[in-house]
Participant: 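I am attaching a structure below and will ask some questions about it afterwards.
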Amino acid sequence: MTTETQYEGVFGAEAGSDPYESYERMRREAPVSRLGDTFWAVAKYEDVDMILRDWETFSSIVGAKAISGEEPATGMIFNDPPIHTRLRGLIRRAFTPRVVESQRPGIQAYCEELVEKMLAKEDPDLVASLAYPLPVMVIANMLGVADGDMATFKRWSDVIIQNIGPALLNGDDSGVAGTRVEFDAYFSKRLEKLRNEPDESLLSALVHIETDEGKLTQDELLMFCVLLLVAGNETTTGLIINSMRAFSEFPDALQQVKEDLDLIPAAVEEALRYYAPFQATIRRATKDLELRGQKIAKDDRILVLLASANRDEDVFENPKEFRLDRGSNKHLAFGFGIHSCVGAPLARLEGGIALNMLLPKIRSVAILDDNAGEMLLPGGPSSLRVHFELE
Ligand code: HEM
């Protein structure tokens, strides 16, 4: 079995089945389980949390080429300190709470337009009508490329995310090479322009930010473009899809939120817990170690099941219920530790605005295309027909 198939197998995508059944079985019977000769999956909250905290033992340098020494680890998400620290410091300087909050009016206006058009259609495609265009437009706007072609961004984004398994884990980037050429050419031109003519965009801030170690290199800037356009997009699309899915399964929760819109932030957090948009991340053991009696060897890679941790019966009371009264909801949907999601405030803002616009206008929602496996794969389904009963 290839690494990619193992990865999809855990997500239940092969059979289109619900991966949460596999996660539950793993938590009960094999919380640390072998997926292949050098690949493991970890399902309990306590272990997931511990792994995310301990970056020295559980490295984010997981790429085949970086492990074999063929290429240095580049970028931020699949890297460790000190390189990660420098890049994270830079992005946090550009991606400030003020910058995120300043997006609110634009997101509201765009979301209102999308929701209105979507609700005018019978059984609309939730992905095409709202879940995809909203996040891509928001990030394109922040990056200063809102005049670009959103359909092209979507195509690039899909190809990159669908090939992340083979490209990263097996070092096979044949599926993504052509797209990266197009992507890099487009953004290189933009970066060049911003060097001479700075503007108010996040990308311009990244081009001009300087630290003791100098500015970001061209490769680092292109990496940020990929990270922000792809990681930020596909996951926020997932949040919008998953919150509608949760409300279709828990109509009482929908009524509760409709009666008290102040519950929206709790609903967003519970949607993130219940159906984590980014089901798992990956780490590499930097030494031989033992976890729950299993011997993990140095350089073995570990699928860290965030989605399973979020349903752990030892941490969440009645984890299979979608509840708005969880108080402090310690879900791990945004990860934890040094790599915890930089875009979380933006994703929360977008998810909250989408629910605020949509919920007062609908009585119920039903998912018409039910493919639980595909819905939770990185990037989510390419389309999803839903039926809204309107107020
Ligand atoms: C609901 C939406 C989102 C979810 C569920 C999500 C989830 C995650 C998770 C789990 C990680 C940690 C990965 C790891 O530890 O290996 C992460 C990292 C990251 N996310 Fe998000 N994300 C979302 C939205 C966004 C958005 C909107 C942006 C930016 C526009 C973004 C940018 C990033 C970046 C830059 C990192 C890397 C952080 C680092 O390596 O230090 N994310 N995200």
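Every heavy atom of this structure was used, including side-chain atoms; hydrogens, water molecules and symmetry mates were not. Read the numbers this way: they start at 1 and go in the same order the structure lists the ligands and their atoms. Counting begins at 1 with the first residue of the sequence.
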Participant: Answer with yes or no whether Ala333 contacts ligand 1, where contact means a heavy atom under 4.0 Å from a ligand atom.
Facilitator: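 The answer is yes: ligand 1 sits under 4.0 Å from a heavy atom of Ala333.
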Participant: With backbone taken as N, CA, C and O and side chain as the heavy atoms from C-beta onward, which portion of Ile338 lies under 4.0 Å from ligand 1: side chain, backbone, both, or neither?
Facilitator: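 Within the 4.0 Å criterion, Ile338 contacts ligand 1 through backbone atoms alone.
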Participant: Within ligand 1, which atoms have a heavy atom of Leu227 less than 4.0 Å away?
Facilitator: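 It comes down to these atoms of ligand 1: 35 (C).
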Participant: At their closest point, which heavy atom of Trp40 faces which heavy atom of Lys295, and how far apart are they?
Facilitator: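 Closest heavy-atom pair between Trp40 and Lys295: CZ2-O, 3.3 Å.
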Participant: For ligand 1 and His339, I'd like to know whether there is a polar contact (N/O to N/O, distance under 3.5 Å).
Facilitator: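 There is such a contact, yes.
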Participant: From the options Arg273, Arg323, Glu270, select the one residue that forms a side-chain hydrogen bond (donor to acceptor under 3.5 Å, both in side chains) with Asn329.
Facilitator: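 Among Arg273, Arg323, Glu270, the one that satisfies the side-chain hydrogen bond (donor to acceptor under 3.5 Å, both in side chains) with Asn329 is Glu270.
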Participant: Thinking salt bridges, do Glu192 and Arg195 make one under a 4.0 Å N-O criterion?
Facilitator: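 So Glu192 pairs with Arg195 through a salt bridge.
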Participant: Check whether Tyr274 forms a cation-pi arrangement with Arg311 (NZ or CZ under 6.0 Å from the six-membered ring centre, at most 45° off the ring normal).
Facilitator: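 Judged by the rule (NZ or CZ under 6.0 Å from the ring centre, within 45° of its axis), Arg311 counts as positioned above Tyr274.
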Participant: Within the 4.0 Å heavy-atom shell around Phe95, which atoms of ligand 1 are there?
Facilitator: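 The list of qualifying atoms is 29 (C), 30 (C).
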Participant: Determine whether the aromatic ring centres of Tyr186 and Phe153 lie less than 6.0 Å apart.
Facilitator: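 When the ring centroids of Tyr186 and Phe153 are compared, they turn out to be within the sub-6.0 Å range.
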Participant: Tell me whether Glu24 is salt-bridged to Arg27, with the criterion being a basic N under 4.0 Å from an acidic carboxylate O.
Facilitator: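 No, Glu24 and Arg27 are not salt-bridged.
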Participant: Ignoring hydrogens and geometry, is there a side-chain-to-backbone donor-acceptor pair from Asp300 to Ala297 under 3.5 Å?
Facilitator: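 Side chain of Asp300 to backbone of Ala297, a donor-acceptor pair under 3.5 Å: yes, one is there.
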Participant: Pick one: which of Leu130, Leu358, Leu254, Leu239 meets side-chain contact (heavy atoms from CB on, under 4.5 Å) with Met244?
Facilitator: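 Single pass found, and it is Leu358.
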Participant: Out of all atoms in ligand 1, which are within 4.0 Å of some heavy atom of Ile139? Include the element for each.
Facilitator: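 Those atoms are 30 (C).
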Participant: Testing the 3.5 Å rule here: is there a donor-acceptor pair between the side chains of Ser201 and Asp199?
Facilitator: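 Judged by distance alone, the side chains do pair up.
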Participant: Report the part of Thr236 in contact with ligand 1, treating N, CA, C, O as backbone and CB onward as side chain, heavy atoms under 4.0 Å; options are side chain, backbone, both, neither.
Facilitator: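 For Thr236, the contact with ligand 1 is made by both the backbone and the side chain.
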Participant: State, without any angle test, whether His84 and Ser60 hold a side-chain donor-acceptor pair at a distance under 3.5 Å.
Facilitator: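 No, Ser60 and His84 have no side-chain donor paired with an acceptor closer than 3.5 Å.
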Participant: Could you list which atoms of ligand 1 come closer than 4.0 Å to a heavy atom of Leu228?
Facilitator: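 Selected atoms, number and element: 29 (C), 30 (C).
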Participant: Where's the contact between Arg88 and ligand 1, heavy-atom distance under 4.0 Å: side chain, backbone, both or neither?
Facilitator: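 Looking at Arg88 and ligand 1, just side chain atoms fall under 4.0 Å.
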Participant: Please confirm whether Phe336 approaches ligand 1 to less than 4.0 Å, judged on its heavy atoms.
Facilitator: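 So Phe336 does not count as touching ligand 1.
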Participant: Please confirm whether Glu350 comes within less than 3.5 Å of ligand 1 when only nitrogen or oxygen atoms on both sides are compared.
Facilitator: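 In fact, backbone or side chain, Glu350 has no N or O that close.
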Participant: Measure the shortest side-chain to side-chain distance between Val226 and Phe187 over non-hydrogen atoms and say whether it is less than 4.5 angstrom.
Facilitator: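 Not in contact.
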Participant: Which ligand 1 atoms does Ile77 reach within 4.0 Å, using its non-hydrogen atoms?
Facilitator: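 Here the atoms of ligand 1 in question are 18 (C), 37 (C), 40 (O).
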Participant: Among protein heavy atoms, which lies nearest atom 16 (O) of ligand 1, and at what distance?
Facilitator: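 Scanning the protein heavy atoms, the shortest distance from atom 16 (O) of ligand 1 goes to Thr281 OG1, 2.6 Å.
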Participant: Taking only heavy atoms of Leu306, which atoms of ligand 1 are found under 4.0 Å from at least one of them?
Facilitator: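 Those of ligand 1 that fall under 4.0 Å from Leu306 are 10 (C).
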Participant: Give the ring-plane orientation class for Phe334 versus His331, where under 30° counts as parallel, over 60° as perpendicular and anything between as tilted.
Facilitator: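 Geometry flag for His331 against Phe334: tilted rings.
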Participant: Please report the shortest heavy-atom distance between Leu143 and Leu203, naming the atom on each side.
Facilitator: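 For Leu143 and Leu203, the tightest heavy-atom pair comes out as O-CB, 3.2 Å.
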Participant: His84 heavy atoms, cut-off 4.0 Å: which ligand 1 atoms fall inside?
Facilitator: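 Ligand 1 atoms under the 4.0 Å threshold to His84: 39 (C), 40 (O), 41 (O).
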Participant: Considering distance alone, does some N or O of Arg283 sit under 3.5 Å from an N or O of ligand 1?
Facilitator: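 Yes, there is a polar N/O contact under 3.5 Å.
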Participant: Looking at Arg326 and Glu269, is any side-chain nitrogen of the basic one under 4.0 Å from a carboxylate oxygen of the acidic one?
Facilitator: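 Here Glu269 does not pair with Arg326 in a salt bridge, since their nearest N and O are not under 4.0 Å apart.
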Participant: Under 2.8 Å from atom 21 (Fe) of ligand 1, how many protein N/O/S atoms do you get? Just the number, please.
Facilitator: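 Number of qualifying protein atoms: 1.
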